[in-house]
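In what follows, a single structure is set out as C-alpha cells and then discussed.
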Amino acid sequence: MKDKFFSLIGRLRYIDRWSLMRNTRKESVAEHSYVTALVAHALCVLHNERFGGQVNAERAALLALYHEAAEVFTGDMPTPAKYYSQEIRSAYKAIEKDAERKLLGFLPCDLKARYADLVSPDTQSEEYKFVKYADKIAALIKCEEELAAGNSEFAAAKKSTLQALHAVDQPAVECFLQTFADSFGLSLDESL
C-alpha cells in the first residue's frame, strides 16, 4: 500500500522538539504544529482586522499545520546545529526538500499537487511569513512553560526568541504578544 501520507504525518506526534535541552515536559512536533497553526491564524486575523491587512488566515493555518511535515523523516534538528554554518544550513535545506518529495510520494497522483502546495509552499508568500512569526511565538510559549516549571535552561532561548520577535516589523506580532502571549502561562483556574 502506497498511500501512507496521512499516517506518516500523524507520526509527528512521536518526534520530540528541543532535544538538546532538558525539558520538564516533552513537546512533540505535532503539538508544536498545532500551536503554530492557532497562532498563525490569530496573527493573520489581527493583521487583517486591526491593521488593514489582506492575508488569508485559513491558508496560513493550513501552512502552519504542515510546516514541519518533512520532520517525519528528518527528525527535529536543533536550531544551534541547523544554523551552525551556511554549509550545514544548505545541506539541511536539501535534505528537507528531499524528505518533502519523499513524503508527497505517499499520496495518490491526483492529490499530490494539492498537498505539495502545503508541504513545500512558496516561502515568500505573505501567509508563510506569518507562519514563521507564529513558529517563533510557539517557541516562546514553550520557553515560558519551561521557565514557569522552574527550568532555567530555557532562559537564553526565551531571550533570543523575544529579540527575534521584537525585531520583526509586524504590528500583529506585537499585538499578539501584548494581548495573548502571557495567558499561555496561566493555570486553568487562573484562565477562568
Side-chain angles (χ1 to χ4, degrees), residues 6 8-50 55-72 74-79 82 96 103 118-119 121 123 125-149 151 153-168 170-192:
F6 296 106
L8 287 166
I9 294 280
R11 296 189 65 78
L12 290 172
R13 69 186 180 273
Y14 302 127
I15 300 170
D16 292 332
R17 291 178 44 83
W18 304 93
S19 62
L20 295 181
M21 299 176 75
R22 180 176 53 83
N23 288 257
T24 59
R25 188 186 75 75
K26 291 184 179 196
E27 177 187 53
S28 73
V29 174
E31 288 175 276
H32 165 74
S33 296
Y34 173 76
V35 171
T36 303
L38 288 176
V39 174
H41 188 268
L43 288 174
C44 291
V45 169
L46 286 168
H47 178 66
N48 294 344
E49 298 299 321
R50 294 191 176 172
V55 180
N56 184 331
E58 290 73 23
R59 170 114 176 107
L62 273 176
L63 290 173
L65 205 54
Y66 287 91
H67 85 284
E68 306 282 23
E71 290 186 7
V72 76
T74 67
D76 179 55
M77 178 170 286
T79 298
K82 191 187 297 186
E96 218 172 29
L103 182 60
L118 297 173
V119 173
T123 59
S125 74
E126 221 29 50
E127 289 81 7
Y128 194 79
K129 290 175 187 172
F130 280 89
V131 171
K132 295 313 287 176
Y133 306 147
D135 194 31
K136 284 273 188 226
I137 291 173
L140 179 66
I141 290 166
K142 171 62 174 171
C143 291
E144 290 285 1
E145 177 185 287
E146 289 292 329
L147 289 166
N151 184 1
E153 177 117 359
F154 280 75
K158 176 189 174 182
K159 182 180 178 184
S160 65
T161 302
L162 263 176
Q163 285 174 340
L165 285 165
H166 290 312
V168 172
Q170 177 45 252
V173 170
E174 286 300 324
C175 183
F176 186 93
L177 292 175
Q178 292 171 12
T179 308
F180 300 107
D182 289 343
S183 66
F184 282 89
L186 298 176
S187 69
L188 179 60
D189 289 335
E190 293 169 322
S191 297
L192 299 176

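Throughout, residue positions are numbered sequentially from 1 according to the sequence presented. Model, not experiment: these values are computed from the prediction.
- Contacts of Thr24 classified as side-chain hydrogen bond (donor to acceptor under 3.5 Å, both in side chains), with partners at least two apart in sequence or in another chain: Glu146.
- Judged as a side chain to side chain contact (heavy atoms under 4.5 Å, CB included), and not counting sequence neighbours, the contacts of Glu190 are Leu186, Ser187.
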Verdict with supporting geometry, Tyr133 and Gln170, side-chain contact (heavy atoms from CB on, under 4.5 Å): CA-CA 9 Å; Tyr133 306 147; Gln170 177 45 252; 3.7 Å; yes
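- Side-chain contact between Phe184 and Glu144 is absent, with no heavy atoms from C-beta onward closer than 4.5 Å.
- Contact record, Ala61 with Ala37: O-CB, 3.5 Å, taken as the closest heavy-atom pair.
- There is no side-chain donor-acceptor pair under 3.5 Å between His47 and Glu126.
- Considering only residues two or more places apart in sequence or on other chains, Val35 meets the side chain to side chain contact (heavy atoms under 4.5 Å, CB included) condition with Val39, Ala138, Ile141.
- You'll find the side chain of Glu96 stays beyond 4.5 Å of the side chain of Met77, heavy atoms only.
- Among residues two or more places apart in sequence or in another chain, the side-chain hydrogen bond (donor to acceptor under 3.5 Å, both in side chains) test is passed with Glu127 by none.
- With sequence neighbours excluded, the residues forming a side chain to side chain contact (heavy atoms under 4.5 Å, CB included) with Val45 are His41, Glu49, Ala57, listed by chain and number.
- Side chains of His67 and His32 form a contact here, defined as non-hydrogen atoms less than 4.5 Å apart.
- Considering every non-hydrogen atom in both Ala40 and Ala60, the closest pair reads CB-O, 4.0 Å.
- Note that OG1 of Thr161 is 10.5 Å distant from CD1 of Ile137, once rounded to the nearest 0.5 Å.
- To the nearest 0.5 Å, atom NZ of residue Lys158 and atom CG of residue Leu165 are 11.5 Å apart.
- Here the side chain of Asp76 pairs no donor or acceptor atom with the backbone of Val29 at under 3.5 angstrom.
- Put simply, OG on Ser160 and CG on Leu140 are 10.0 Å apart, with the number rounded to the nearest 0.5 Å.
- Nearest heavy-atom pair, Ser28 versus Arg13, reported as atom, atom and distance to 0.1 Å: CB-O, 3.2 Å.
- Every residue two or more places apart in sequence or in another chain that forms a side chain to side chain contact (heavy atoms under 4.5 Å, CB included) with Thr74 is listed here: Glu71, Tyr92, Ile95, Ala99.
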Starting from the C-alpha separation in whole Å, work towards a yes-or-no answer on side-chain contact (heavy atoms from CB on, under 4.5 Å) for Leu63 and Arg59. CA-CA 6 Å; Leu63 290 173; Arg59 170 114 176 107; 3.7 Å; yes
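- Taking Tyr34 as the reference, nothing meets the ring-ring contact (aromatic ring centres under 6.0 Å, His included) condition, with sequence neighbours excluded.
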Verify side-chain contact (heavy atoms from CB on, under 4.5 Å) between Val55 and Lys129, making sure each step is shown before the conclusion. CA-CA 10 Å; Val55 180; Lys129 290 175 187 172; over 6 Å; no
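- Between Ala69 and Ile9, the closest heavy-atom pair is CB-CD1, 3.6 Å.
- Applying the side-chain hydrogen bond (donor to acceptor under 3.5 Å, both in side chains) criterion to Arg22, with sequence neighbours excluded, gives Asn151.
- Applying the salt bridge (Lys or Arg N to Asp or Glu O under 4.0 Å) test to pairs two or more places apart or on separate chains, those with a residue in residues 25-44 are Asp16-Lys26, Arg17-Glu27, Arg25-Glu31, Arg25-Glu145.
- Judged as a ring-ring contact (aromatic ring centres under 6.0 Å, His included), and not counting sequence neighbours, the contacts of Phe176 are Phe180.
- Under the ring-ring contact (aromatic ring centres under 6.0 Å, His included) criterion, Tyr14 pairs with no residue, sequence neighbours left out.
- Nearest heavy atom pair, residue Ser33 against residue Leu65, reads CB-O, 3.8 Å.
- Every pair passing salt bridge (Lys or Arg N to Asp or Glu O under 4.0 Å) that includes a residue from residues 130-140 is listed here, sequence neighbours excluded: Lys132-Asp135.
- Residues Glu68 and Leu12 approach most closely at O-CD2, 3.8 Å, considering heavy atoms.
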